[in-house]
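Structure, as structure tokens:
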Amino acid sequence: MFARQCSRLVSSRTAIPLTSYLARARPYSSAASSYELILTSTPKPGVGQITLNRPKALNALSSPLFKEINDALTKYDEDKDIGAIVITGSEKAFAAGADIKEMAPLTFSSAYSSNFIAPWSHLANSIRKPVIAAVSGYALGGGCELALMCDILYCTEKATFGQPEIKLGVIPGAGGSQRLTAAVGKSKAMELILTGKNFSGKEAGEWGVAAKVVDGGLEELLQEAVKTAETIASYSRVAVVAGKEAVNKSQELSLREGVEFERRIFHGLFGSKDQKIGMTAFAEKKKPEWSHE
């Protein structure tokens with residue numbers, strides 16, 4: 001949330017044009033998409049990239065925007081040539097919040113009956129391939145929640161995160177109170193959500209919200225995110241999906257239940273072709289040629 005207020009706060013610094021990085025990725029890029037609010041590309045083999053593209057609104061999140069994000073995510077998830085996905089925004093804003101114009105007129109009955117923003121959780125609930133958030137600039141309200149939904153979060157030192165919904169008379173509605181608490185603990189999450197205070201990319205790294213903090217701008221950030229996505233995409237798709245599933249289960253199960261779940265998945269992988277390929281290649285000191293089966 002807070003996209004409109006944030007537009008008055010961000011600096012007038014000129015952002016690095018998104019097309020500059022995408023142009024360098026062109027040797028591997030797929031055909032131009034027909035989306036209006038996002039850009040899609042394949043900057044490296046096996047890597048799908050989704051770039052939020054509402055520059056005038058600082059990538060404010062809306063139902064039409066999420067419809068396109070979800071469609072692109074689903075297509076990448078079903079694409080056998082894609083092994084990992086990167087979601088990013090602009091230099092100024094990953095996503096400065098939810099679109100206040102869409103939310104302001106809602107009533108309880110209209111929001112409840114339409115299950116407003118439920119489709120925003122498609123990424124967390126339905127996408128099986130790993131998703132990396134590359135956050136530069138503002139990631140506030142829904143933007144922070146979108147970043148937290150991703151499996152891995154990279155950001156710049158100067159990125160700005162926050163859940164300022166309390167200042168609008170509401171609370172986070174797309175998982176912020178749950179995922180932020182899981183990342184930073186109850187006391188810190190309570191402070192952030194009840195005061196609406198922002199925190200920096202540097203703090204995100206120190207608190208465990210971000211896996212990597214990049215000293216640079218969007219271009220350097222994307223290089224790091226795509227590099228990691230390319231590494232993940234180079235492994236067995238079967239094992240990668242299993243690894244993601246096992247880690248996610250750790251957030252829902254007790255330690256004993258989680259370890260038992262992990263063991264069952266581990267046992268199950270011995271029925272895959274890639275387990276035989278990987279272990280045979282290791283024994284023979286060769287590079288594995290994955291079948292993804």
Side-chain angles (χ1 to χ4, degrees), residues 1-10 33-40 50-77 87-90 92-127 131 133 135 137-150 160-183 189-198 248 251-252:
M1 299 177 182
F2 249 29
R4 290 173 67 190
Q5 278 117 331
C6 288
S7 65
R8 296 196 296 268
L9 296 175
V10 297
S33 70
S34 57
Y35 299 117
E36 295 181 2
L37 304 174
I38 63 173
L39 303 172
T40 58
I50 298 171
T51 303
L52 308 189
N53 190 36
R54 293 188 70 196
K56 293 182 179 179
L58 295 177
N59 292 331
L61 301 173
S62 63
S63 295
L65 175 57
F66 258 99
K67 185 176 180 180
E68 294 191 2
I69 292 172
N70 290 346
D71 183 72
L73 283 168
T74 299
K75 287 178 178 175
Y76 281 143
D77 206 40
I87 296 181
T88 192
S90 68
K92 280 187 177 181
F94 175 74
D99 195 327
I100 305 298
K101 291 181 180 179
E102 180 181 13
M103 292 191 298
L106 294 175
T107 63
F108 165 74
S109 58
S110 63
Y112 186 71
S113 7
S114 67
N115 207 11
F116 179 60
I117 77 172
W120 294 21
S121 295
H122 177 70
L123 188 164
N125 296 339
S126 303
I127 302 304
V131 181
V135 179
Y138 285 86
L140 301 178
C144 184
E145 291 171 304
L146 174 60
L148 290 171
M149 286 181 209
C150 296
T160 301
F161 297 88
Q163 298 288 168
E165 291 89 347
I166 199 75
K167 298 178 181 179
L168 295 176
V170 292
I171 65 169
S177 65
Q178 308 303 300
R179 294 189 178 93
L180 187 59
T181 302
M190 195 74 79
E191 177 191 40
L192 293 169
I193 289 170
L194 297 186
T195 65
K197 289 181 180 178
N198 295 339
N248 281 337
Q251 304 300 295
E252 304 169 8

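In this text the structure is predicted, and so the values were computed from the model without any measurement.
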Going from [atom1] on [X] to [atom2] on [Y], what distance comes out if it is rounded to the nearest 0.5 angstrom?
X	Y	atom1	atom2	result
S177	I171	OG	CD1	5.5 Å
I166	K197	CD1	NZ	14.0 Å
Y138	L58	OH	CG	9.0 Å
T40	L73	OG1	CG	11.0 Å
I69	L61	CD1	CG	6.0 Å

Of all the heavy-atom pairs spanning [X] and [Y], show the shortest one and how long it is.
X	Y	result
C144	G162	CB-O, 3.4 Å
G141	P164	N-CD, 3.5 Å
I117	A174	CD1-N, 3.9 Å
F161	L140	C-CD2, 3.6 Å
G142	E165	N-OE2, 4.1 Å
L180	Q163	CD2-CG, 4.1 Å

Of all pairs that satisfy side-chain hydrogen bond (donor to acceptor under 3.5 Å, both in side chains), the ones with a partner from residues 111-123, not counting sequence neighbours: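 Applying side-chain hydrogen bond (donor to acceptor under 3.5 Å, both in side chains) to every pair that reaches into residues 111-123, excluding sequence neighbours, yields T74-H122.
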With sequence neighbours left out, which residue pairs that include part of residues 58-72 fulfil the side-chain hydrogen bond (donor to acceptor under 3.5 Å, both in side chains) condition?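 For residues 58-72, and leaving out neighbouring residues, the side-chain hydrogen bond (donor to acceptor under 3.5 Å, both in side chains) pairs sorted by first residue read Y35-D71, S63-E102, D71-K75.
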Partner of L37 under side-chain contact (heavy atoms from CB on, under 4.5 Å), chosen from L65, N53, L52: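 Of all the options given, the one that passes is L65.
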Go through the structure and list residues passing salt bridge (charged side-chain N to carboxylate O under 4.0 Å, His left out) with R54, not counting sequence neighbours.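 Partners of R54 by the salt bridge (charged side-chain N to carboxylate O under 4.0 Å, His left out) criterion, ordered by chain and then number, come out as D99.
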Under the rule for salt bridge (charged side-chain N to carboxylate O under 4.0 Å, His left out), what residues qualify as partners of E36, not counting sequence neighbours?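 If we apply the salt bridge (charged side-chain N to carboxylate O under 4.0 Å, His left out) test to E36, skipping adjacent residues, there are no hits.
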Restricting to side chain to side chain donor-acceptor pair (under 3.5 Å), what partner residues turn up for E191, sequence neighbours left out? K188
When you look at I127 and Y76, which way does the side-chain contact (heavy atoms from CB on, under 4.5 Å) test go after all the steps? CA-CA 9 Å; I127 302 304; Y76 281 143; over 6 Å; no
Is there side-chain contact between I50 and V131, with at least one heavy-atom pair below 4.5 Å? no
Say whether, by atom type as modelled, one donor and one acceptor occur between the side chain of E145 and the main chain of G176 under 3.5 angstrom.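 Confirmed, E145 side chain pairs with G176 backbone.
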